[in-house]
Asks: 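Below are the structure tokens for one structure; questions will follow.
Order of appearance sets the numbers: ligands from 1, and atoms from 1 within every ligand.
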Amino acid sequence: MLLGVNIDHIATLRNARGGLEPNLIQAALICEKAGADGITVHLREDRRHTKDNDVFELKNILKTRLNLEMALTDEMQKIALDVLPECVCLVPEKREEVTTEGGLEVASRLEFVRDFVQPLVNAGIVVSLFIDPDSAQVEAASKTGAQFIELHTGRYSNAYGTAQEEIEMNNLKQAAALASKLGLKVNAGHGLTYENVHRMHEIPELVELNIGHNIIAHAVFDGLEKAVKDMKSLIV
Ligand code: PXP
């Protein structure tokens, strides 16, 4: 299984002070050096973390793949066609949400999604649809021209360790099997952690996991002790 690292939270931290630190490009290069197979950023309508110039810079500098998460808007389609990232992951977006809460609604607006996907695929971009593990959405996704789906693992992650875990796990397994049968390749992500990620091995169809928040959270604690020691050494 491949790992795409979502570095939006580095940009959130950077934007908290309006400067350049922590540097997003440096973060991406560290992730690549550590073995990440791709770098993911979500260019949100409100630009709350990743900004337009980050996306252009990343595309120029990455040695792996840039996966651009974006909503289905004319503005984002134009940016994607300018940047030409290797991959685009289409996500639903609500201005007030903290993170992408649910999967994309494809089944009830198949034509709209298909028309949105087509120019991206024609431009050579690999397109993925971020959907809930639901058979109607998977079937619809297979008719859009997108090559991949990314299964939303949020419900599995929330249910991990509870009586609901097995149900959510089965939903993911069934959706992945159906997608593969219909000719789609399958990624997954959202809410995955060092604790719950192991069960993704039970889904043989998975190509890549996209993980962000928990990796950055882990990195903070992995580096905090050294960071304090380094500063202390400059002061005492
Ligand atoms: N995949 C998609 C489509 C997402 O929107 C996100 C969150 O930005 C992720 C994966 C990563 O989720 P997390 O930050 O919870 O690992």
Asks: Using the rule side-chain contact (heavy atoms from CB on, under 4.5 Å), only one of Thr50, Leu24, Val5, Asn15 pairs with Ile10; which is it?
Replies: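 Answer to the side-chain contact (heavy atoms from CB on, under 4.5 Å) test with Ile10 among Thr50, Leu24, Val5, Asn15: Leu24.
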
Asks: Identify all side-chain donor-acceptor contacts of residues 174-183 below 3.5 Å with residues at least two apart in sequence or on another chain.
Replies:
none

Asks: Any chance you could pull the hydrophobic cluster mates of Leu2, using side-chain heavy atoms under 4.5 angstrom and chaining through other members?
Replies: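 Joined to Leu2, directly or through intermediates: Val126, Phe148, Val207.
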
Asks: Would you check if there is a donor-acceptor pair between the side chains of Ser108 and Glu105 at a distance under 3.5 Å?
Replies: yes

Asks: Taking distance alone, with no angle check, do Leu192 and ligand 1 share an N/O pair under 3.5 Å?
Replies: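 Among all N and O atoms of Leu192, none is under 3.5 Å from an N or O of ligand 1.
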
Asks: Looking only at distances, can you tell me whether any N or O atom of Gly212, backbone or side chain, sits closer than 3.5 Å to an N or O atom of ligand 1?
Replies: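 Among all N and O atoms of Gly212, at least one is under 3.5 Å from an N or O of ligand 1.
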
Asks: Does a donor on one side chain and an acceptor on the other come within less than 3.5 Å for Asn67 and Thr40?
Replies: yes

Asks: Please identify which atoms of ligand 1 are closer than 4.0 Å to at least one heavy atom of Val91.
Replies: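 Within the 4.0 Å cut-off of Val91, ligand 1 contributes 3 (C).
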
Asks: In ligand 1, which numbered atoms sit nearer than 4.0 Å to a non-hydrogen atom of Gly191?
Replies: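 Every atom of ligand 1 under 4.0 Å from some heavy atom of Gly191: 12 (O), 13 (P), 15 (O), 16 (O).
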
Asks: Between Arg14 and Asp54, does any NZ, NE, NH1 or NH2 come within less than 4.0 Å of an OD or OE carboxylate oxygen?
Replies: yes

Asks: With no hydrogens and no angle check, just 3.5 Å: does a side-chain donor-acceptor pair link Asp37 and Thr64?
Replies: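 Looking only at side-chain atoms, Thr64 and Asp37 do not form any donor-acceptor pair under 3.5 Å.
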
Asks: List ligand 1 atoms under 4.0 Å from Phe130, heavy atoms only on the residue side.
Replies: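 Answer, ordered by atom number: 2 (C), 3 (C).
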
Asks: Name the option, out of His49, Glu69, His190, that contains the heavy atom nearest to atom 2 (C) of ligand 1.
Replies: Glu69

Asks: Taking heavy atoms and a distance under 4.0 Å, where does His152 meet ligand 1: side chain, backbone, both or neither?
Replies: neither

Asks: State, without any angle test, whether His190 and Glu150 hold a side-chain donor-acceptor pair at a distance under 3.5 Å.
Replies: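 No - no donor-acceptor pair under 3.5 Å links their side chains.
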
Asks: Could you tell me whether some N/O pair between His213 and ligand 1 is separated by less than 3.5 angstrom?
Replies: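 Yes; at least one N/O pair falls below 3.5 Å.
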
Asks: Does ligand 1 come near enough to Asn6 that some N or O of the ligand is less than 3.5 Å from an N or O of the residue?
Replies: yes

Asks: If I apply the N/O under 3.5 Å rule, does His42 come out as touching ligand 1?
Replies: no

Asks: Hey, does Asn214 sit under 4.0 Å from ligand 1 if you only count heavy atoms?
Replies: no

Asks: So if I count the atoms of ligand 1 from 1 in the order they appear, which ones are less than 4.0 Å from some heavy atom of Asn210?
Replies: 10 (C), 11 (C)

